Peer 1: 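Starting off with a structure, shown below.
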Amino acid sequence: MSDFFEKVYEVVKLIPPGRVTSYGAIAKYLGAGGAARMVGWAMNAAHSHADYVPAHRVVNRNGLLTGKHHFDTPDAMQELLENEGVKVINDQIIDFKTHFWDPMKELQD
DNA sequence: AGTATGACGGCGT
DNA sequence: AACGCCGCCATAC
């Protein structure tokens, strides 16, 4: 298990409830830049991580629930988000930019 | 050891 | 504006 995964989990776990971020934002924050795919791959492995990782708060730059299919049930991700006050319609987060949580901005420095 | 793939993103056409 | 290709890092086969 690469430290990269731990870094991703650490950032994801810092995402406040009702907020979401993108794979690219996390990757960029970690210095991986274009390795946004790796973040997604880390999420896949997050299932094996000891601590709970709110992977449902991580979406692509479109605010689309691209990884919802990786949860226990395809609707779990959407329900979790809506449970936190994030409206999701047709796998699309409403007011994505409003709920967007940028690690570079929030965890700046 | 080399090739293909992946929950993405940016840039070129 | 829409579509397509390339890049980026790590894992899988």
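Note that the structure is predicted; figures quoted are calculated from it, not measured. Numbers restart at 1 for each chain; the letters A, B, ... are given by sequence-line order, proteins then strands.
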Peer 1: Of all the heavy-atom pairs spanning Val20(A) and Phe96(A), show the shortest one and how long it is.
Peer 2: CG2-CE1, 3.6 Å
Peer 1: Between dG6(B) atom C1' and Trp41(A) atom CH2, what is the distance in whole Å?
Peer 2: 5 Å
Peer 1: Given atom CG of Asp72(A) and atom P of dA7(B), what is their separation to the nearest angstrom?
Peer 2: 17 Å
Peer 1: NZ of Lys28(A) versus C1' of dG10(B): gap in Å, rounded?
Peer 2: 11 Å
Peer 1: What nucleotide among dT11(C), dC8(B), dA7(B) has an atom nearest to a side-chain atom of Phe71(A)?
Peer 2: dA7(B)
Peer 1: Once you round it to whole Å, what is the distance between P of dC9(C) and CZ of Phe5(A)?
Peer 2: 14 Å
Peer 1: Counting only side-chain nitrogens and oxygens, does Ser22(A) get under 4.0 Å of the OP1 or OP2 atom of dC8(B)?
Peer 2: no
Peer 1: Take atom NZ of Lys68(A) as the centre, draw a 6.0 Å sphere, and report whether it contains more than 12 heavy atoms from other residues, nucleotides or ligands.
Peer 2: yes
Peer 1: Atom NZ of Lys7(A) to atom C1' of dC9(C): distance rounded to whole Å?
Peer 2: 14 Å
Peer 1: Using a 6.0 Å cut-off, check whether atom CD of Glu84(A) has over 12 heavy atoms from anything other than its own residue.
Peer 2: yes
Peer 1: Check the distance between dG9(B)'s P and Leu30(A)'s CG and give it to me in whole angstrom.
Peer 2: 14 Å
Peer 1: Touch check for Gly33(A), heavy atoms < 4.0 angstrom, all strands: base, sugar-phosphate only, or nothing?
Peer 2: nothing
Peer 1: Please report the distance separating the C1' of dA7(B) from the corresponding atom of dC3(C), rounded so that it comes out in whole Å.
Peer 2: 22 Å
Peer 1: Glu6(A) has an atom CD; how far is it from atom P of dC9(C), in whole Å?
Peer 2: 20 Å
Peer 1: My understanding is that a pair needs two contacts under 3.5 Å, Watson-Crick or G-U wobble. By that rule, which nucleotide pairs with dC9(C)?
Peer 2: dG6(B)
Peer 1: NA contact type, Ala42(A), heavy-atom cut-off 4.0 Å: base, sugar-phosphate, or nothing?
Peer 2: nothing
Peer 1: Are Met43(A) and Trp101(A) linked, directly or through intermediate hydrophobic residues, by side-chain heavy-atom contacts shorter than 4.5 Å (ILVMFWY only)?
Peer 2: yes
Peer 1: Starting from C1' on dC8(C), measure out to OH on Tyr23(A) and report it in whole angstrom.
Peer 2: 17 Å
Peer 1: Counting heavy atoms not belonging to Lys13(A), are there more than 12 under 6.0 Å from its NZ?
Peer 2: yes
Peer 1: Which nucleotide wins on minimum distance to the side chain of Met38(A), given the candidates dA7(B), dC9(C), dG9(B)?
Peer 2: dC9(C)
Peer 1: Which nucleotide in the list dA7(B), dG10(B), dC8(B) gets nearest to the side chain of Asn60(A)?
Peer 2: dC8(B)
